[in-house]
Amino acid sequence: MKIITVDNYNEMSKAAAQLVEQQILGNRETVLGLATGSTPLGLYENMIEGYQKRGISYRNVQTLNLDEYRGLGKTHPNSYYTFMCDKLFSQLDIPLANVHLPDGTTQPVEAECRRYEALFDRIGPPHLQILGMGTNGHIGFNEPGTAEHSLTHCVELDESTRANNARFFESADAVPTHAITLGIASILKSGKIVLLASGKKKAEAVKRLLDQEISEDFPASFLWKHEDVTLIVDRDAYQLAQQERR
Ligand code: F6R
């Protein structure tokens with residue numbers, strides 16, 4: 001795992017955008033794996049700036065998102081589809097036909113999981129996958145206890161994850177209890193992985209990741225099994241890990 005330490009959230013976002021832009025300039029038909037949540041928002045702003053000011057085109061790029069809430073359709077204000085359209089896709093030249101997320105409403109859910117994994121293999125796997133990390137080490141919505149060989153599946157969200165994500169909803173109870181997520185094995189199929197971590201809130205998780213103990217209890221630790229992972233971490237998130245390394 002390559003570790004890039006930066007001063008703050010803005011620097012993390014810029015460094016990640018540089019990697020994304022390099023990738024796209026090298027291959028206009030890049031497949032990007034994308035995440036939601038707060039962590040990649042600065043990256044997405046930088047990608048939009050790159051398109052508007054530096055002419056980086058996403059016309060031939062395809063995207064595959066990690067996850068979607070169960071029960072929320074494309075038009076729901078809190079669906080990850082809506083989030084991605086608002087924060088990124090609507091401000092790039094990417095055709096909506098090129099953006100892919102699991103559908104939170106398809107029944108039965110197992111059929112949707114199979115469809116999305118097959119799509120992921122057909123269009124992807126991503127040349128470059130962007131990841132954030134939960135405070136409990138989840139990647140995508142692979143909560144502690146998820147098996148290394150897992151493919152796209154439906155998960156019950158941890159109470160801690162629901163509480164963390166409540167800020168996007170009207171109330172904590174409104175956060176869905178389940179989600180569809182790419183599995184650990186799906187994520188590890190990606191060519192390159194860029195993991196972003198920022199802020200004191202993530203310091204404990206970053207420390208645990210850098211302990212290098214691979215375990216289902218801390219899903220991000222499976223990233224040690226991939227040969228091309230770059231962690232971009234800011235000073236606050238790196239603090240505890242660094243103390244340990246001294
Ligand atoms: C989102 C996702 C999650 C988030 C994680 C961190 O698509 O897959 O794993 O990356 O919950 O969330 P934030 O960035 O809000 O701290």
Side-chain angles (χ1 to χ4, degrees), residues 1-6 12 15-16 19 31-40 64-67 102 113 116-117 120-121 124-162 164-165 178-246:
M1 190 176 295
K2 184 174 164 195
I3 304 172
I4 300 178
T5 55
V6 292
M12 178 197 78
L19 294 181
V31 179
L32 285 180
L34 298 177
T36 54
S38 303
T39 307
L64 287 157
N65 262 74
L66 287 165
D67 38 26
C113 294
Y116 197 65
E117 188 71 28
F120 182 84
D121 285 339
H127 296 101
L128 191 158
Q129 172 70 57
I130 301 295
L131 290 181
M133 174 168 61
T135 49
N136 63 0
H138 72 223
I139 49 174
F141 273 136
N142 294 286
E143 300 285 21
T146 308
E148 183 186 349
H149 58 72
S150 53
L151 298 173
T152 302
H153 59 291
C154 181
V155 288
E156 181 167 7
L157 298 173
D158 253 24
E159 275 315 306
S160 67
T161 303
R162 292 186 70 225
N164 275 332
N165 291 1
H178 290 76
I180 298 174
T181 181
L182 290 174
I184 301 285
S186 332
I187 293 172
L188 293 181
K189 289 177 193 171
S190 307
K192 295 179 188 153
I193 295 177
V194 174
L195 173 65
L196 305 177
S198 167
K200 288 195 180 114
K201 214 172 123 187
K202 298 292 168 75
E204 191 60 51
V206 169
K207 177 176 161 301
R208 196 156 167 201
L209 173 72
L210 296 183
D211 283 347
Q212 296 194 36
E213 194 190 313
I214 299 175
S215 146
E216 277 183 10
D217 294 344
F218 193 77
S221 65
F222 287 121
L223 294 174
W224 287 103
K225 299 214 165 187
H226 192 282
E227 61 191 18
D228 193 345
V229 178
T230 302
L231 166 68
I232 310 180
V233 58
D234 72 7
R235 206 187 310 131
D236 284 347
Y238 194 54
Q239 212 171 40
L240 292 177
Q242 195 177 29
Q243 276 169 15
E244 185 123 309
R245 293 176 155 218
R246 279 199 185 120

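These values consider heavy atoms only, across backbone and side chains, with no hydrogens, waters or symmetry-generated copies.
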Sorted by chain and number, sequence neighbours left out, salt bridge (Lys or Arg N to Asp or Glu O under 4.0 Å) with Lys192 holds for none
Salt bridge (Lys or Arg N to Asp or Glu O under 4.0 Å) filter on Arg235, not counting sequence neighbours, yields Asp7
(message) Do Val233 and Ile4 make a side-chain contact, defined as non-hydrogen atoms from C-beta onward lying under 4.5 Å apart?
(response) no
By side-chain hydrogen bond (donor to acceptor under 3.5 Å, both in side chains), Gln239 pairs with (sequence neighbours left out) none
> Checking Trp224 side chain against Leu210 main chain: does a donor-acceptor pair fall under 3.5 Å?
Replying inline: no
On a heavy-atom basis, the closest approach of Asn65 and Tyr116 is O-OH, 2.6 Å
Quick one: do Glu148 and Lys225 make a salt bridge, cutoff under 4.0 Å?
yes
key: Basic-acidic side-chain contact under 4.0 Å: Asp121, Lys189   = yes
Donor-acceptor contact present, side-chain Glu117 to main-chain Thr152, <3.5 Å | yes
Between Asn142 and His153, the two heavy atoms sitting closest are OD1-CE1, 3.0 Å
All heavy atoms of Ser186 vs all of Leu151, minimum pair found to be OG-CA, 3.4 Å
Is any side-chain heavy atom of Lys202 closer than 4.5 Å to one of Thr39? yes
All heavy atoms of Ser198 vs all of Asp234, minimum pair found to be OG-OD2, 2.7 Å
Margin query: Check whether Ser215 reaches the backbone of Asp217 with its side chain - one donor and one acceptor, N or O, closer than 3.5 Å.
Written below: yes
For a side-chain contact (heavy atoms from CB on, under 4.5 Å) check, start with the C-alpha distance between Glu204 and Thr135, then their side-chain angles and the critical distance, and finish with the verdict.
CA-CA 7 Å; Glu204 191 60 51; Thr135 49; over 6 Å; no
